Engineer: 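Just dropping this structure here.
Any value given below was found using the heavy atoms of this structure, including those in side chains, with hydrogens, waters and symmetry copies removed. Throughout, residue positions are numbered sequentially from 1 according to the sequence presented. Not measured: the values here are computed from a predicted model.
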Amino acid sequence: MNALDADGALTLDKDNIQPGDQLNATGTGCAPGSEVRLSSQDENVGRAKADSSGRFSSPVEFGTIEPGRHVIRAQCDILLVGNVDVSLTSGTSGTSSTLVVLVFFVLIGATMLRRQFSALRVPTKN
């Protein structure tokens with residue numbers, strides 16, 4: 001999560017995120033008052049201004065994000081680097097398996113009721 005370059009460091013507050021999660025970057029080692037540009041895969045993901053001690057803080061905001069490891073670069077008068085892993089989890093997998101089981105039991109129940117009611121029918125004479 002931390003990377004050092006010269007006398008600076010970039011720290012990301014999470015090692016692993018999912019799309020939509022908040023991610024914050026903090027860093028040290030920039031020249032006092034310098035502009036800091038955060039990027040990942042040639043996309044601007046944040047901006048900050050270093051304070052009088054060369055420290056900065058910024059939210060990291062991806063426009064589009066793919067699963068996998070993403071390298072975050074903070075560029076001021078030095079280059080600072082950090083990594084974050086992006087993962088996708090599906091919240092529907094449990095729902096779809098539950099639905100299959102439910103449908104199975106409804107069909108079995110309907111079949112059993114049909115057999116039971118057909119046995120109760122009394123044949124009629126014409």
Engineer: Ignoring hydrogens, what is the shortest heavy-atom contact between P59 and L38? Give both atom names and the distance.
Structural biologist: O-CD1, 4.4 Å
Engineer: Which atom names give the shortest non-hydrogen contact between P19 and V86, and what distance separates them?
Structural biologist: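 Smallest interatomic distance, heavy atoms only, reads CD-CG1, 4.0 Å.
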Engineer: Just list the side-chain donor-acceptor pairs under 3.5 Å for residues 21-32, sequence neighbours left out, or say none.
Structural biologist:
unit_1: D21; atom_1: OD2; unit_2: Q18; atom_2: N; d: 2.9
unit_1: N24; atom_1: ND2; unit_2: D13; atom_2: OD2; d: 3.4
unit_1: T28; atom_1: OG1; unit_2: A9; atom_2: N; d: 3.3

Engineer: I need the E35 CD to Q75 CD distance, nearest 0.5 Å.
Structural biologist: 12.5 Å
Engineer: Check I72 against S40 and note the closest heavy-atom contact, atom names and distance.
Structural biologist: CD1-CB, 3.9 Å
Engineer: To the nearest 0.5 Å, how far apart are CG in N83 and CG in L10?
Structural biologist: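 That separation rounds to 9.5 Å.
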Engineer: Measuring from atom CG of N44 to atom CZ of R37, what distance do you get when rounded to the nearest 0.5 angstrom?
Structural biologist: 4.0 Å
Engineer: Using a 4.5 Å cut-off on heavy atoms from C-beta on, say whether the side chain of D85 contacts that of R69.
Structural biologist: yes
Engineer: Suppose the criterion is salt bridge (Lys or Arg N to Asp or Glu O under 4.0 Å): which pairs have a residue in residues 40-60, not counting sequence neighbours?
Structural biologist: none
Engineer: Can you find a pair of side-chain heavy atoms, one from L80 and one from V36, that are under 4.5 Å apart?
Structural biologist: no
Engineer: Give the minimum heavy-atom separation between S58 and G46, together with the two atoms involved.
Structural biologist: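 So the two residues come closest at OG-CA, 3.9 Å.
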